[in-house]
Amino acid sequence: MSKKFKKYLEIQKKHNAYKFAFATIEFDAETIAPKNGFEIRGEMLGLLGAEDFKIITNKKYLKLLNNLNECKKLKADQKRMIELSIKDAEELEKLPKELYKKSINLTNNAYMIWQNAKNKSDFELYMPTLNEVINLQKEKLAYFTKKDNYDYLLDTFEPGFSKKDYDNFFDNFKTEILPSLSKIEGNKLPEFLLAKYDIAKQKEFNDILMEYLGVDKNTFYCGETEHPFSSQLSMKDVRFCTKYQEKNFIDSIFSTIHELGHSFFQAYINEKYAFTPIETNISMGLHESQSRLLENYIGRSKSFWVPLFPKLKKLFPIQLKNVDLDFFIESINIPLFSFIRTEADELTYTLHVIVRYEIEKEIFKNKKFDIKSIKQLWNDKYQEYLHLLPNADNIGILQDVHWSGMSFGYFPTYSLGSAIAAQFYNQMKKDINVDQLLSEGDFLSVKKWLIDNIYQHGAMYKSKDLIKKVCNEEFDANYYIQYLKNKFLK
């Protein structure tokens, strides 16, 4: 290894120390931190961010990156590290330090304001802050690109995918799936899913579930939050949160499975990539493919529940007295129009994403966006696609945290992730007998396939390249469309 590359790795490790600090503080903020400390926390994050900014935009470091980029002796993974680092550095180099600092401070404050507004179900409390976040995002974009702002944001979360790609994907979904959704009008959840489930016992089952999935509590930590999420501090310190509801016990189960999909991806990256961008810069479409694959393709299958359902029934003998495994599986897969994206079934989930995608396109179409129109826009689109009119802000426009964190362009990756997952799942079933392994309680063999084929690579490959490597073909969203048709519309 050359002296220059060793120097690069030293700088990356220091950069990752700041990332470690940010992740720790942010996890704390979303779980146990006292609310009154959010302003000071935002100021401290801004100061830490400014120090990290100095590292990444240092002229000597930028020169080092350029020199290494021209070096022909680098190995493939080293080239990938430099490629990812250059992309990060070029963005920050163009941004004034004070604007970067302001962005960190604002998003910290915006999260707390969003949370308060959601708790009170009052969008008016959040609207001025959301407007400020949107305007600051546009101000930052002016330094990054002269092309389409929203295309730039989409590429940030999933490199190689633009509005054209997503428009084609969503138009195909509308053509193939939307006309058939009239069949689900009037669908209702069975009574056992609406009954009360003791939260202490839900937590007990969560422990059973994590043990079944091979969660090492010396590496993974499960907490609680308003909006479930996962956070990687390092490969040896991966944290995620679920949410328990007395009258929606299924939500916590699938929140746990979903977030573990993210967490497994973060924990099982090849250790040789530690402290490098290959560990930390995984695209969100690829990341979401793993959370959606585990949550839906595996977690909602009958074979997955063969060893688990008796244990669930033992904990809740009254609520599940007249429920057998087949009825349970049918019930947790019922498609129906609902307000909440995170609780949506697989068939209608992409409609929730399309709503957000179309609103975000509208936000970034023009320099000025009338923030007062956004709630009506949201409600109109929910009526158009899901035949529902939100009667409260907390189940409408305030339900998602993403915009408070300036994560415009993130939402489409959820549906893209579902499509990528369908293609991976199809290949997995060719390689191993997934249903037999799960029915026998052998999730670890399924997990090994994921580690060997996907997790270990981290961000070594762009998503399209990894799909080709694993599946021996280009990305094809038709796997997703056919999966939905076969499961729900036959």
Side-chain angles (χ1 to χ4, degrees), residues 30-31 114-115 118-121 184 186-210 212-213 222-230 240-262 291-292 294-296 298-301 304-305 308-309 311-323 325 327-349 351-353 382 386-402 414:
E30 294 192 37
T31 52
W114 162 79
Q115 192 174 57
K118 184 182 179 183
N119 289 339
K120 294 181 179 179
S121 193
I184 73 171
N187 277 4
K188 293 181 180 180
L189 292 174
E191 289 184 10
F192 83 88
L193 286 179
L194 303 173
K196 285 186 178 182
Y197 288 78
D198 180 71
I199 288 178
K201 287 188 177 181
Q202 286 190 48
K203 291 180 180 180
E204 192 175 336
F205 182 74
N206 199 50
D207 285 337
I208 293 170
L209 177 63
M210 289 193 291
Y212 173 64
L213 294 174
C222 180
E224 296 179 50
T225 189
E226 175 63 27
H227 193 104
F229 71 100
S230 60
F240 66 98
C241 287
T242 190
K243 178 183 179 181
Y244 298 100
Q245 300 180 72
E246 197 175 50
K247 287 191 174 183
N248 188 1
F249 84 110
I250 283 296
D251 185 42
S252 69
I253 291 173
F254 287 104
S255 290
T256 295
I257 298 172
H258 179 98
E259 297 307 334
L260 273 172
H262 286 301
S291 60
R292 304 296 288 174
L294 196 61
E295 175 192 0
N296 293 323
I298 292 175
R300 293 183 189 272
S301 68
F304 179 81
W305 281 96
L308 282 173
F309 185 64
K311 296 176 182 179
L312 182 67
K313 197 163 184 175
K314 187 176 180 180
L315 281 172
F316 300 105
I318 297 174
Q319 296 92 329
L320 301 176
K321 182 180 179 181
N322 299 315
V323 180
L325 178 58
F327 185 50
F328 177 77
I329 297 303
E330 179 185 334
S331 300
I332 63 174
N333 285 290
I334 288 176
L336 73 167
F337 296 125
S338 60
F339 289 107
I340 307 298
R341 175 187 62 83
T342 56
E343 298 172 11
D345 59 87
E346 290 179 87
L347 186 63
T348 62
Y349 183 86
L351 296 178
H352 292 262
V353 173
Y382 259 78
L386 291 139
H387 309 167
L388 298 169
L389 178 63
N391 57 10
D393 291 345
N394 62 345
I395 62 169
I397 195 167
L398 285 176
Q399 66 180 267
D400 291 308
V401 67
H402 302 61
Y414 284 116

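Quick caveat: nothing in here was measured; it's all calculated off a predicted structure. The chain is numbered in sequence order, starting from 1.
In terms of heavy atoms, Asp251 sits closest to Thr342 at OD1-O, 4.2 Å. The shortest non-hydrogen separation linking Ser338 to Tyr382 is O-CE2, 4.2 Å. The two residues Lys313 and Val323 have their closest heavy-atom pair at NZ-O, 2.7 Å. In this structure, Cys241 and Thr225 approach most closely via the heavy-atom pair CB-CG2, 3.4 Å. Minimum interatomic distance between Arg341 and His402 (heavy atoms only, all atoms of both residues): NH2-CE1, 3.4 Å. Of all non-hydrogen atoms in Leu260 and Leu213, the two that sit nearest each other are CD1-CD1, 3.6 Å.
Here the side chain of Glu259 pairs a donor or acceptor atom with the backbone of Ser230 at under 3.5 angstrom. Asn187 places a side-chain N or O within 3.5 Å of a backbone atom of Pro335 that can act as its donor or acceptor partner. Although no hydrogens or angles enter the test, the distance criterion places a donor-acceptor pair under 3.5 Å between the side chain of Arg300 and the main chain of Ile332. The backbone N or O of Lys196 lies less than 3.5 Å from a partner atom in the side chain of Gln319, making a donor-acceptor pair.
Atom CZ in Phe328 sits 4.0 Å away from atom CH2 in Trp305 (nearest 0.5 Å). Ile334 CD1 to Lys188 NZ: the interatomic distance, rounded to the nearest 0.5 Å, is 12.0 Å. Going from atom OG of Ser291 over to atom CD1 of Ile257 covers 11.5 Å, rounded to the nearest 0.5 Å. If you take CZ on Phe192 and CD1 on Ile250, they are separated by 6.5 Å, rounding to the nearest 0.5 Å. Between the CG atom of Leu320 and the CG atom of Leu325 there is a distance of 11.5 Å, given to the nearest 0.5 Å. Of the inter-residue distances, the one linking Gln245 atom CD with Ile199 atom CD1 reads 8.5 Å to the nearest 0.5 angstrom.
Note on ring orientation: taking the six-membered ring where Trp is involved, the planes of Phe304 and Tyr212 are perpendicular (angle over 60°, cut-offs 30° and 60°). Taking the six-membered ring where tryptophan is involved, the planes of Phe337 and His387 are tilted, since the angle between them lies from 30° to 60°.
By the 4.0 Å N-to-carboxylate-O rule, Lys201 lies too far from Glu204 to be salt-bridged with it. Using a 4.0 Å cut-off between charged side-chain N and carboxylate O, Glu224 and Lys203 make a salt bridge.
With ring centers used as reference points, His352 lies 6.0 Å or more from Phe339.
Annotation: ring-ring contact (aromatic ring centres under 6.0 Å, His included) contacts of Tyr197 (sequence neighbours excluded): Phe249, Phe316.
Annotation: side chain of Ser252 is not in contact with side chain of Asn206 (no heavy-atom distance under 4.5 Å). Considering only heavy atoms from C-beta on, Asp400 stays 4.5 Å or farther from Trp114 through its side chain. With a 4.5 Å cut-off on side-chain heavy atoms, Ile208 and Leu308 count as touching. You'll find the side chain of Asn333 stays beyond 4.5 Å of the side chain of Asp345, heavy atoms only. Under the 4.5 Å side-chain criterion, counting only non-hydrogen atoms from C-beta, Phe229 is in contact with Glu30.
The local environment of CD in Glu191 is sparse, with at most 12 non-hydrogen atoms from other residues, nucleotides or ligands closer than 6.0 Å.
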